[in-house]
Every structure is written in C-alpha cells, then in structure tokens.
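Got a structure for you, written out below as structure tokens; questions coming shortly.
Only a predicted model underlies this, so the values are computations on that prediction, with no experimental measurement involved. One-based numbering along the sequence shown. We use all heavy atoms of the structure for the numbers below, so side chains are in, but hydrogens, waters and symmetry mates are not. Just follow the structure's listing: the first ligand is 1, and inside any ligand the first atom is 1.
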Amino acid sequence: MTTDFAGNQTIIEIVYFIASVLFVLSLKWMNTPRTARRGIRAGEIGMVLAIAGTLLHHGIIDYKWIAIALVLGTGIGIPLGLVQMTAVPQRTALSHAFGAFCVTLVGTAEFYLRSPDVPRFMMAVLSMEVILGSLTFTGSLMAAGKLQEVLPQRPITYKGQNFVNLSLLAIAVAVAAYLVVHPGARQLFPVMIAVPLIFGVLMIVPIGGADMPTVISLLNSYAGLSAAAMGFVLESKLLIIAGALDGSSGFILSVIMSKAMNRSFTNVMFGAFGQVQASAAAGAEEKTVRSASAEEAAGILAAANKVVVVPGYGMAVAQAQHKVRELYDALTKRGVDVRFAIHPVAGRMPGHMNVLLAEADIPYDRLMEMDDINGDFPQTDVALVIGANDVTNPAARTDTSSPIYGMPILDVDKARTVMVIKRSMNPGFAGIDNPLYYLDKTLMLFGDAKSFVNNIVHELAGNAHG
Ligand code: NAP
C-alpha cells in the first residue's frame, strides 16, 4: 500500500515536471509567429498533463463532483473559445475572473479547514491568495463589462478617489496582518474577502474602457500571483511555477503595452486617460483631404515597386485580413515588393495584427516590426494604411499637447504616397485628429476595409485581364 502510494506520488511529480517544462517552452515558443502554434500546443498539452496529474492524486476519494465540474467547465469553455477575435480581450478578462474566483474559494476552504492552526508563513500566503483573488475577480468582471460595453466605458472619477481606494487596500492588508498573528480570528476572514471585492470594482471605475487591455494584462499578472500563492498553500510546485510564469508574463506584457503607448503604469491605473477622448476629437472640420476611388488606388499600387501595408484596428473590425491576402497575392504577382508594418499596439490587444495576418497565411517574413521598417519608409512608394489611425499619427512626434505625444509611431508620412482606407474622418482609439490625412501626398480611400480592398483586388484583376 505504502509502495503504491510512493509510486503514485513519483508519477505525479514526473507528470508535473513535464507540464512545468512545457509551460516554460510554450511561453518561449509564443515569442515569434513562426513557433507560436507549437507554443500553443505545448501549453495545451502541459495543461492536460497538469489536470491528469491532479486527478491521480491520492487524496481524491470520489470523482463524481470532479466529473460534474469538468462537464460544466467544458460547457462554458467551448462557447468562450468561439468568440470573435475583437472580443478576445473581454473573453480573457472573464477567464481571469473565473480563475481568481476559484483561487479565492480554495483559499477560503483551506483557511476554515486549518484555522486556528495555521502557521504564519502559510497564513501570509493564504491572505495574499484571497486578497489578490477577490480583487482580481471583481476587477476582471468590471474590465470585461467595460470592454463589452455593458458598463459605461468612460472613466468615473471623484475627488479623493485614489485615497479611498488605497485605504481599502490598506484595510485588507491590516486584517491579513492581524490574521497572520491570530489565525483563530475566523470571524475576520470574510472581511479580508469583502474589502478587496469592493476594491476590485472601485479600482476599475476610474479607468477608461480604452485602457482596459493594459489593465487586463495587469489583472492577468495578479491572477497568476494569487495562483502561485495558492501553490504554497497547497504545496504544489506546479501551481507555484505556473502562477509565477503567469504573474511575471502578465506584468511584462503590461509594461510593454504601456511603453508602446508612451504611458506610465501609474498613468494607466490612476490617470483616467479615456476622459480626453471626446473633447480632443474636435477641430477636424475646415481642413481638406483628397480622396480617391478603388480604381485610382489600384493604378497607383500596380505602378509601385515597394508597398508597405499598415494594418490596424479597422482591419480587424472589418475582418479584411483574407482580402488583404488577396491584395498581397495580386501585387506580388505583378512583381511589387509588399511588406507589412506591425505596430506593437495596433488593434486592441498585443499581437492582434500578427494573429490576423497569420490566419490569412501572409508569410511571416513579410511582417516587419516597427523599428525594423521605419527606416525604409522614405524608400517606399506607397504606404497603404488599412484601418489604422493612432499608430500612424505624426502628431505623436511633434505635438506636445497631444495625448499620444511621445508614443512611437510608424513613419508612414515619410513614404512617397500614403493611402488610407477608413470609413470616415472619425478618430480612432485616442480620440484625436490625424494630420497625416491632410498631407498633399495622402489619398483617403473612404469605405469599409474589407469591401474597399476587395474592390482594389477586382480592379487589379481587371487590369491584368484587360
Ligand atoms: P485606431 O487608432 O483605433 O484606429 C482605427 C481606425 O479604424 C479608426 O480610425 C476607424 O476609422 C477605422 N475603422 C474602424 N472600422 C473600420 C472598418 N470596418 N473599415 C475601415 N476602417 C475602419 O487603431 P490603431 O491605429 O490600430 O491603433 C490602436 C490604438 O489602440 C492605439 O491608440 C493603441 O494605443 C490602442 N490600444 C492598443 C492596444 C493593443 O494591445 N493593441 C491595447 C490598448 C489600447 P473610421 O471609423 O473612420 O472607419
């Protein structure tokens, strides 16, 4: 019997070890588009192994409830996996909410099972687990609600807001500290859950819907840290590793996103950025723009040697990536050198453009990162901007009063000709006008990205046959 138990334990440890290695490799492989698919597979297999290892656990005496939970989880997970690409940020927020809720429940159960005999270190990590878990739960639900627009997107601010929020957090930490010393004070435990639950809501209230992707990535980090803390409580090395990976990668991602938007973390968290949007949109009226038809655009593209396509959020909204692929094929066939310039925060989530273009089978070596392509714009005949706006706005370089001042941009205005596909003169995410559109070298191609690109492809095909 004892040998059986020890053997079982060894198998579990080996399975957990393989799962941990797969998680690390998964993150590494997801770093480049070429290996990203392999990275996803590695992560999936790692997760299956982690679940299988847990199911082998000696402590499980009845699988009935686990089976019910598995069926329920699968029932919820499948539709969640089928959402539109543009809804992935809020879907991710929901996943964090579920994970954080689960962590909080496990922490609560562990506390009431162990109290009053909870060693200090254990009580400290358990407190961290439930505080982070509960604030991530409500914070993520709020973030998902704002992104899905079931909650108002605009930041709601009032005087002394940061003081109120930080005081709440301080109360939760003080209760945790008391419980570390007096783990028998069971009646205080619900306070340590309730206060962070309220904090999670209030933390998101002053942040505009537009900043939610960055916040979600930060909440991802909190969820990871709370899972790592749970790993200490449950003495699971796998959870500690997976939680730490999740926590650190979420944090690094938030930093990368903030940097690419030229915003500091504190500005995202406390700056109520979305407020500038509505007012800043004004001022576009009197200036004139030049527009062109699909036929004219096709002629210019066909005559070019070097074309750089700059995709943005509008391409994602229009789901134009497959038509863009057709355009790529048509131009490449004519001997035009076509590349794609990817801004790190184009779209609404990290890697948004890479994922869409990969879905349309655009060769990876045609996707260029901002720093690698910017020097080539002066030698580019046509910069074709498809549903991108802020990431091409030259005001970020010169206008110190602009909310995006200092944000690194794609230097499309340095190309010989710029063509911009968008439906109107409406601003993008930052809510500001784009001086690019009024340049002499710029042609506006007004229309939905998918149908406009389609029309250009047809024109090109017509010319080829004609
Ligand atoms: P953007 O500045 O939001 O502009 C997108 C443009 O697409 C709009 O001007 C819109 O103009 C156009 N558009 C929308 N639907 C369209 C359609 N069906 N067909 C054609 N055009 C359409 O987008 P971006 O240049 O990609 O910049 C991303 C912004 O999001 C940045 O400000 C970035 O800081 C922010 N952000 C990104 C992330 C991330 O992780 N990627 C996270 C948070 C925030 P019309 O309405 O006139 O068509």
Notebook entry, point to check: Could an N or O of ligand 1 be found under 3.5 Å from any N or O of Arg423, whether backbone or side chain?
Noted result: yes
Margin query: Any nitrogen or oxygen of Asp448, side chain or backbone, less than 3.5 Å from one on ligand 1?
Written below: yes
Check: Looking only at N/O atoms, are Pro344 and ligand 1 under 3.5 Å apart anywhere?
Finding: no
Note to self: So if I count the atoms of ligand 1 from 1 in the order they appear, which ones are less than 4.0 Å from some heavy atom of Met257?
What the structure shows: 40 (O), 42 (C)
Notebook entry, point to check: What are the atoms of ligand 1, with element, lying closer than 4.0 Å to any heavy atom of Pro427?
Noted result: 9 (O)
Check: Taking all atoms of both residues into account, what is the closest heavy-atom pair of Pro79 and Thr74, and its distance?
Finding: CD-O, 4.5 Å
Checklist line | Nearest-option assignment for atom 44 (C) of ligand 1, heavy atoms, candidates Phe429, Phe446, Phe452 | finding: Phe429
Margin query: Only heavy atoms of Asp390, strictly under 4.0 Å: list the atoms of ligand 1 that pass.
Written below: 2 (O), 25 (O), 29 (C), 31 (C), 32 (O)
Checklist line | Whether Arg290 side chain and Asp440 backbone form a donor-acceptor pair below 3.5 Å | finding: yes
Notebook entry, point to check: In terms of atom number and element, which parts of ligand 1 are under 4.0 angstrom from non-hydrogen atoms of Gly447?
Noted result: 20 (C)
Next item on the list: Can you sort out which atoms of ligand 1 are near Gly387, meaning under 4.0 Å from one of its heavy atoms?
Entry: 5 (C), 6 (C), 7 (O), 21 (N)
Notebook entry, point to check: Just wondering, do Lys450 and Met315 contact through their side chains at under 4.5 Å, heavy atoms?
Noted result: no
Checklist line | Candidates Thr288, Asn389, Thr442 - the one meeting side-chain hydrogen bond (donor to acceptor under 3.5 Å, both in side chains) with Tyr437 | finding: Asn389
Check: Stepwise, does the side-chain contact (heavy atoms from CB on, under 4.5 Å) test hold for Leu443 with Val418?
Finding: CA-CA 6 Å; Leu443 287 173; Val418 183; over 6 Å; no
Checklist line | Heavy-atom nearest neighbour of atom 9 (O) of ligand 1 within options Asn389, Thr214, Val345 | finding: Asn389
Item checked: Nearest heavy atoms of Ser20 and Ile241, plus distance in Å -> OG-CD1, 3.6 Å
Check: Which word best sums up how the rings of Phe340 and Tyr328 line up, parallel for under 30°, tilted for 30 to 60°, or perpendicular for over 60°?
Finding: tilted
Margin query: As an exercise, identify every atom of ligand 1 less than 4.0 angstrom from a heavy atom of Ala388.
Written below: 25 (O)
Next item on the list: May I ask whether Ala316 places a heavy atom under 4.0 Å from ligand 1?
Entry: no
Note to self: Within the 4.0 Å heavy-atom shell around Gly312, which atoms of ligand 1 are there?
What the structure shows: 26 (O)
Notebook entry, point to check: Are Arg34 and Asp365 within salt-bridge range, i.e. N to O under 4.0 Å?
Noted result: no
Margin query: Need the ligand 1 atom indices (1-based, order shown) with element for anything under 4.0 Å from a heavy-atom of Met349.
Written below: 39 (C), 40 (O), 41 (N)
Next item on the list: Identify which of Gly314, Ala396, Ala346 has a heavy atom lying nearest to atom 22 (C) of ligand 1.
Entry: Gly314
Notebook entry, point to check: With a 4.0 Å cut-off on heavy atoms, is Arg348 touching ligand 1?
Noted result: yes
Next item on the list: Identify whether NZ of Lys or CZ of Arg in Lys287 sits under 6.0 Å from the centre of the six-membered ring of Tyr438 and within 45° of that ring's axis.
Entry: yes
Notebook entry, point to check: For Arg325, what residues pass the salt bridge (charged side-chain N to carboxylate O under 4.0 Å, His left out) criterion, not counting sequence neighbours?
Noted result: Asp329
